[in-house]
Number of protein chains: 4
Amino acid sequence: MARIKSQDKRNAILDAATQVFAERGLSAATSAISAAAGIAEGTLFTYFTTKDQLVNALYREIKLELADAMMSGFPRKNSVRSRLQHIWDQYVEWGLKNPMQQGVLQQVLVWNGLTQESKKAGSAPFVEIERMIEEAQRQHIVQDLPRPFIQMTLVALADTVMELVRQDPKRAEIYRTAGFEMLWGGIQRKR
Amino acid sequence: MARIKSQDKRNAILDAATQVFAERGLSAATSAISAAAGIAEGTLFTYFTTKDQLVNALYREIKLELADAMMSGFPRKNSVRSRLQHIWDQYVEWGLKNPMQQGVLQQVLVWNGLTQESKKAGSAPFVEIERMIEEAQRQHIVQDLPRPFIQMTLVALADTVMELVRQDPKRAEIYRTAGFEMLWGGIQRKR
Amino acid sequence: MARIKSQDKRNAILDAATQVFAERGLSAATSAISAAAGIAEGTLFTYFTTKDQLVNALYREIKLELADAMMSGFPRKNSVRSRLQHIWDQYVEWGLKNPMQQGVLQQVLVWNGLTQESKKAGSAPFVEIERMIEEAQRQHIVQDLPRPFIQMTLVALADTVMELVRQDPKRAEIYRTAGFEMLWGGIQRKR
Amino acid sequence: MARIKSQDKRNAILDAATQVFAERGLSAATSAISAAAGIAEGTLFTYFTTKDQLVNALYREIKLELADAMMSGFPRKNSVRSRLQHIWDQYVEWGLKNPMQQGVLQQVLVWNGLTQESKKAGSAPFVEIERMIEEAQRQHIVQDLPRPFIQMTLVALADTVMELVRQDPKRAEIYRTAGFEMLWGGIQRKR
DNA sequence: TATGAATGAGCGTTCATTCAT
DNA sequence: TATGAATGAACGCTCATTCAT
C-alpha cells in the first residue's frame, strides 16, 4: 500500500507558506514554498490542487489558530467588559507573537481570490464572541450598534495597536490600554 | 520639435493603473494597464521606467488627491473637535467616492516595494493635521497619547467605516457617527 | 522518482545552439534554440539557468571536442615537427568537418560574456601541446619565442587555412601545406 | 531652406558607433550611439536608414582609414621585402593606436549582416598591395601561392601580433619581428 | 532636417501546473 | 504518494524604427 497523505506534510506546507508569504508577499512562487517545506514541487499539489486553494486553506487555518488563542481561558462568568478585555488582550498578544501569521492575514484580506466559503469559515470560530455581544446588547450593557461595526472596529483597532507596538515596543502598555479604552468607550452604553 | 511627454498621457496611465490594480490586484500585468490607457505597451515605460516605479508614483498621487480632498474647506477657526470631524467626514466621503483609489492605497500599504521616499512624500501633505493634534494636546483638549496612535486609529476606523457603509449603505449615517464618536471618545481629555 | 535530467537533452540543446548560433549569430533567440532542440521554451532553462551560461557551457564543450580531436592518435614518440604537424592536421580537419562549431568558437571569442573560468577551462585540455613546445624549446629545436606567440599563430594560421579551403576546396592541399610551412618556418631553430 | 545633412554629424555618428560597439558589442542599442554622438535617436536614421546599414558603412569607413594608414609613406621604390615590411608595420601600428576600430573590424567580420558590396568595397583600397604581390610573384621573389593566402595570412598574423602586444607590451618588438619573419619566411622564394 | 515620444514585435526568464517515473 | 523535469502562457522590459511636431 502506498503512503497516505500525511497531516504532518500538510502542516509543513502551511507553515512554509506562512513564512514565505510573510517575507515575499502572496506573489511568492509555490516552488519557494515547497522548498521551505522540504518537499518536491509537485507534492504541494497533491495537498492543495491550486495555489489559490492553498491561500484559502491557509487563511482558514490561521483564523482557526487565532480563534483558539482568543478563546483559551475565556472567562465566561465575568463581566462583559472583562470578557471583551480578554478577547482584546489575547488577540493582541497572538498577533505580536505570530507576526508572520498576522501579516499573511492582512495580505489575504486585500487579496481578490478569497472565496465566500473561506470568508464564512474564517468567521465561524468567532460566533461565541458574536453571541456575547448580542447578549450584552440585550442587557443594555453595550449600545445597540450593528454587530459588524463592533467586530470590525475591534479588529481594526487591535491591528493598529499591534503595528504601533511593533514600531515602538516600549509603549506597548500605553497602546494596548488606549486601544481598548477607545473600543469600549465607543460601544458601551452611555449613562 | 518632437511630441512632448504629455501630462495627460501620464494621468491616463495613472488612472488606468488605478482601475486595473483595483480590479485585479497589484500583480496585474502592465500590458493590461497600457491597454486600459489606450497606449502601446512600450509607451508606459517612457513615463515610468519600471512597474515598481509606477506603483510608487501612483501611491504618491493618490495620497496627494486624498490630502487635497481632506483639507478642502478645512475650518481653521473652529474647535478641535469640529476640525477633526471635518477631516473624518472628508476622508470617509473621499473613500466612498473613490473606492478604486482607496482599494489601491490599501494594497500598496501591504506591498513590499514602496520606497522610503514614497512613504515620506506620501505623509508630507498631512502635516497640518499632525500640527493640529499637537496643538490640541498642548491645550489639554486631547489626551497626551503618542501621535501615531491618534493618526493611525483615525485611519483604521475610517477605513472600517467605509467598508461597512459599502456593505450596508442604508446605515451609512450610523457608521459614520459611531466611528467618529469612538475616535473622539478615545482621545479627548477626560473631565 | 521523476524523470531525471537527461544528458541527451542537454546535448540536444547544445547541438541546437551550435546550429542556431552558427546560422544567426549569438544574438539568436533562445526560443529558436529550444525549437531546434525539440523542447519547450522553458525546458532550456532547467539545463542552463541563463543564455550567457549556455554560451559559456557551449564554448567549453566545443573546446573539449576540439582537444579530443587534436590529441587523438597523437604520435608521442615522433619528432617535434611531426607532432606539431599532427596537431595542425587534426585541427584543420576538425574545423573543416565541424564548420558550425568552429564558427561558434570564433564568435564566442569576440563575445564579451565569456567568464574567466570558461577561458581557463577552455585552454586546460591543451596543456600537453604547451608542454611539447616548452620541451622543444629546451632542446633548441624551436626558437625561444614567447609561448603564446607560438600557440596563437598556430590557431590564427589554421583558421585562415580553413577559411581558404572553404572558399576554394580544390586547393586544400596547397593551403594546408603552405600554412604549416609558414608556421614551422617561423618557429624552428635557424641553422 | 532647411539645414542640409552634415558630414560632421555623419562622422560623429560613425565615431560614436565605433566607441559603443567596441565597448558593448554590435548588439549595442542605436540609442546608445545617438546619445554618444550627441544627437537625437531619430536623427541617426536620417543618416543611416538601418542599423545594419550603419554597421556596413562603418566597416567601409574603417577599412578606408586603415588603407590610408597602411599606404602612407609607401616606399614604392624599395625592395619587395621592405615594402611588405612597411605594410606590416603600418598595419600593426594602426591597430595598436586604434584598438576600438580594430575591435569593431573583428566583430564585423564574424557578423552575418555584411553585404557583398561592403566586402568588395572594403578590399578595394588594398589593390595596390595585391598588385605588388602579383608583381613579386612574376619576378620570382615571392612563391607562387594563391594570392588570398598571402593576404589573409598577413592579416591573421598581424592581428595576432596586435593582440599579443596588447597583452604583453614589453615584448612588442619581439612579436612584431617574429610575426613578420614568419610571414616573409612563408612566402619568399626558397633558394 | 532634427527631435524624441510612440510603437509593438520580440526577448529572456518565471512559474503554476502536469505527468512520466 | 512523491518526485522533479517538462511545459508554455505570461510577464516586464528593450529597442529599431516611425512619425507628429
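Values below: all heavy atoms of this structure, side chains included; hydrogens, waters and symmetry mates excluded.
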>> Does F:dT7 have OP1 or OP2 under 4.0 Å away from a side-chain N or O of C:T43?
In response: yes
> Which residue lies toward the 5' end of DNA chain E, B:G42 or C:S27, if each is placed at its nearest nucleotide?
Replying inline: B:G42
> Heavy atoms under 4.0 Å, any strand shown: does C:Y47 hit a base, just sugar-phosphate, or nothing?
Replying inline: sugar-phosphate
>> Nearest to the side chain of A:A40, heavy atoms from C-beta on, is which of F:dT3, E:dG8, E:dT17?
In response: F:dT3
> Start at the 5' end of DNA chain E and walk down; is the nucleotide closest to C:L26 or to B:S6 reached first?
Replying inline: B:S6
>> What is the separation between atom CD on C:Q53 and atom P on E:dG12, rounded to the nearest whole Å?
In response: 15 Å
> Roughly how many Å is it from CG in B:L54 to P in F:dG12, rounded to a whole number?
Replying inline: 10 Å
> Looking at B:A12 and B:A37, what are the two nearest heavy atoms and their distance?
Replying inline: O-CB, 3.8 Å
> Would the number of heavy atoms belonging to other residues, nucleotides or ligands and lying under 6.0 Å from CD of D:Q106 be above 12?
Replying inline: yes
> Hey, does D:A28 reach any base, or is it just sugar-phosphate, or nothing, if we go heavy atoms under 4.0 Å?
Replying inline: sugar-phosphate
>> Looking at F:dA5, I'd like to know if its phosphate oxygens (OP1 or OP2) sit under 4.0 Å from a side-chain N or O belonging to C:T46.
In response: no
> Looking for any heavy atom pair under 4.0 Å, which part of the strands does A:T50 touch: base, sugar-phosphate only, or nothing?
Replying inline: sugar-phosphate
>> Ignoring hydrogens and geometry beyond distance, is a side-chain donor-acceptor pair present between D:N112 and C:E23 at under 3.5 Å?
In response: no
>> Can you measure A:R10 atom CZ to F:dT1 atom P for me and round it to whole angstrom units?
In response: 14 Å
> How long is the line joining CD1 of B:I13 and P of F:dG12, in whole Å?
Replying inline: 14 Å
> Should D:K9 be listed as having a side-chain N or O under 4.0 Å from OP1 or OP2 of E:dT1?
Replying inline: no
> Please give, in whole Å, the distance from F:dC11 C1' to B:F21 CZ?
Replying inline: 13 Å
>> Nearest to the C:F45 side chain among E:dT13, F:dA16, F:dG12, which nucleotide is it?
In response: E:dT13
>> If you assign each of D:T49 and B:D52 to its closest nucleotide in DNA chain F, which residue comes earlier from the 5' end?
In response: B:D52
>> Could you tell me how far apart D:E41 (CD) and F:dC19 (P) are, to the nearest whole angstrom?
In response: 16 Å
>> I'd like to know whether A:Y59 forms a side chain to side chain contact (heavy atoms under 4.5 Å, CB included) with A:T115, so could you lay out the CA-CA distance, the side-chain angles of the two residues, the decisive distance to 0.1 Å, and finally the verdict.
In response: CA-CA 10 Å; A:Y59 169 77; A:T115 64; over 6 Å; no
> Short question: side chain of A:N56, backbone of A:G113 - any donor-acceptor pair under 3.5 Å?
Replying inline: yes
> Can you check the B:L44 CG to F:dC11 C1' distance for me, whole Å?
Replying inline: 13 Å
>> Return the pairing partner of F:dA10 with a 3.5 Å limit on both distances, Watson-Crick or G-U wobble; otherwise return none.
In response: E:dT13
> Given atom CZ of D:F48 and atom C1' of F:dT18, what is their separation to the nearest angstrom?
Replying inline: 19 Å
>> Among F:dT3, F:dT7, E:dA16, which nucleotide has an atom closest to any side-chain atom of C:I39?
In response: F:dT7
>> Check this one for me: any side-chain N or O of B:T30 less than 4.0 Å away from OP1 or OP2 of F:dG12?
In response: yes
> Just wondering, more than 12 heavy atoms not from D:Q53 lying within 6.0 Å of its CD?
Replying inline: yes
>> Strictly below 4.0 Å: does A:S31 bring a side-chain N or O up to OP1 or OP2 of E:dC15?
In response: no
